[in-house]
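Both counts, for ligands and for their atoms, begin at 1 and track the order of listing.
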Amino acid sequence: MPSQEKVWTVIDLIKWGTGYLTDKGFDEARLTVELLLSETLGLKRFDLYVKHDQPLKRGELDKFKVLLKRRLSHEPVQYIIGKTNFYSIDLKVDRRALIPRPETEILAETIIDHCRTYLSQREHVRILDVGTGSGCLAIAVAKFVKNSSLTAIDRSDVALELAKENAASTGTSEKIEFVRSDFLALEENGFKESFDILISNPPYVPEKELATLSEDVREFEPVDALSDGSDGLTFFRKISEMAPVLLRDGGWVFVETGFDQAQKVSALFADQGGTELLVKKDLSNIERVVRSRFFSKGSA
Ligand SMILES: C[S@@+](CC[C@H](N)C(=O)[O-])C[C@H]1O[C@@H](n2cnc3c(N)ncnc32)[C@H](O)[C@@H]1O
């Protein structure tokens, strides 16, 4: 830890902290130190370099050390600084919900492109977001699809609180209705209206793989947001059963899938009559998004 005797400037701490975290085996050490220092000093990351020779006051150094210690205990940096960026939207994050992932931006982009391309003629698009967590997907769609309204459900009360705070801070509250609901227990008459699109990034980590996740994820993120406590496919099965019921005739489903799940999920959807299947890969070449269309039985 940086000693109190020495005067530490911003750049001294960036250099020292980067080396220290790297030696301790942490990825993205420089970025982490920059984010922690920005939080400590109330500066934007870019401004750290403008003020690189600014010495830290005693209280500032103490605050930085507290934040650094939290990271050393493997708390994710987004929880420490209480925010993240998703699809160019600043969101609050804390232990109430999963941290939005960069790969989920591919799902957001696919949904937003789809709405703009296929549904531009429609008056209004009604979307159901299953397992909204921080609200990231619902908020991105509400912001970028003009004629949309969303129902965002989650089983977790505290995640819904966070999602509502994020909707308020991003000016999307009026377009999103947040509902506490257990999707796995949803009855066929669960919602009065039918939706044009169902979107979901559900808990898909198979229970037996939980132990292989990094300590950052395992120890800090809500387990109910990560895993279905089974083979990872529970939510996709339920979505495939409920899609023909919850969607208007010819409605669409967009889901995020885990490693090696996209073909299984496509098969589940096809078994329930899903058509126009499409699989999209993420930047690591992993099949990450599955799209399907559902017609009510007998009308296709
Ligand atoms: C993988 S997280 C996704 C959160 C957010 N949509 C995202 O993409 O970052 C899955 C979410 O599903 C919620 N969830 C878990 N079981 C559920 C259930 N039975 N019904 C509704 N939501 C559930 C969790 O609380 C969590 O917020």
Side-chain angles (χ1 to χ4, degrees), residues 76 78-79 83-87 89-112 127-143 150-167 170 172 176-187 190-191 195 197-207 209-210 213 216-218 220-243 246 253-259 261 265 280 282 288-290:
Q78 295 93 332
Y79 283 163
K83 57 192 168 212
T84 195
N85 189 277
F86 180 80
Y87 211 73
I89 305 165
D90 288 329
L91 295 175
K92 179 174 175 179
V93 281
D94 55 39
R95 292 182 69 170
R96 288 176 289 177
L98 190 94
I99 299 164
R101 303 292 203 266
E103 53 269 29
T104 306
E105 293 180 326
I106 310 228
L107 176 60
E109 184 182 48
T110 309
I111 298 159
I112 291 164
I127 299 172
L128 176 66
D129 178 21
V130 175
T132 198
S134 63
C136 59
L137 270 177
I139 288 168
V141 174
K143 254 192 132 40
L150 294 102
T151 300
I153 69 168
D154 207 291
R155 195 176 65 175
S156 159
D157 283 320
V158 290
L160 284 170
E161 269 172 30
L162 176 65
K164 284 180 197 167
E165 289 164 22
N166 278 325
T170 54
T172 54
I176 311 174
E177 184 192 9
F178 292 98
V179 179
R180 188 186 176 280
S181 171
D182 180 347
F183 182 70
L184 297 179
L186 198 65
E187 303 287 337
F191 290 97
F195 296 92
I197 304 179
L198 184 157
I199 63 178
S200 185
N201 171 21
Y204 56 62
V205 178
E207 189 179 32
E209 285 177 24
L210 275 175
L213 298 178
D216 300 21
V217 177
R218 244 186 312 122
F220 289 90
E221 299 202 77
V223 69
D224 281 354
L226 296 167
S227 174
D228 61 350
S230 175
D231 65 351
L233 298 174
T234 310
F235 283 81
F236 301 115
R237 281 190 205 97
K238 181 78 177 176
I239 289 170
S240 70
E241 283 162 24
M242 293 303 284
L246 293 172
V253 168
F254 291 86
V255 291
E256 178 172 317
T257 53
F259 179 74
Q261 289 179 333
V265 171
K280 262 181 106 166
D282 66 15
R288 190 57 77 182
V289 171
V290 175

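- Looking at heavy atoms from C-beta onward, T151 lies out of side-chain contact with I127 at the 4.5 angstrom threshold.
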Mind listing the N or O contacts between ligand 1 and protein, cut-off under 3.5 Å?
from, atom 1, to, atom 2, distance (Å)
ligand 1, 6 (N), G131, O, 2.9
ligand 1, 6 (N), T132, O, 3.3
ligand 1, 8 (O), N201, ND2, 2.8
ligand 1, 19 (N), D182, OD1, 2.7
ligand 1, 20 (N), F183, N, 2.9
ligand 1, 22 (N), R155, N, 3.2
ligand 1, 25 (O), D154, OD1, 2.6
ligand 1, 27 (O), G133, N, 3.4
ligand 1, 27 (O), D154, OD2, 2.6

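- The two atoms that bring F220 and D216 nearest to each other are CB-O, 3.3 Å, heavy atoms only.
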(request) Please test E207 against S230 for side-chain hydrogen bond (donor to acceptor under 3.5 Å, both in side chains), starting from the C-alpha separation and ending with a verdict. (result) CA-CA 5 Å; E207 189 179 32; S230 175; over 6 Å; no
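- For E177 (side chain) and A152 (main-chain N/O), no donor-acceptor pair under 3.5 Å exists by modelled atom type.
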(request) With side-chain hydrogen bond (donor to acceptor under 3.5 Å, both in side chains) as the test, would you mind laying out the steps for K143 and T172 before giving the verdict? (result) CA-CA 7 Å; K143 254 192 132 40; T172 54; over 6 Å; no
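- Contact check for P203 versus L226: no side-chain heavy atoms found under the 4.5 Å cut-off.
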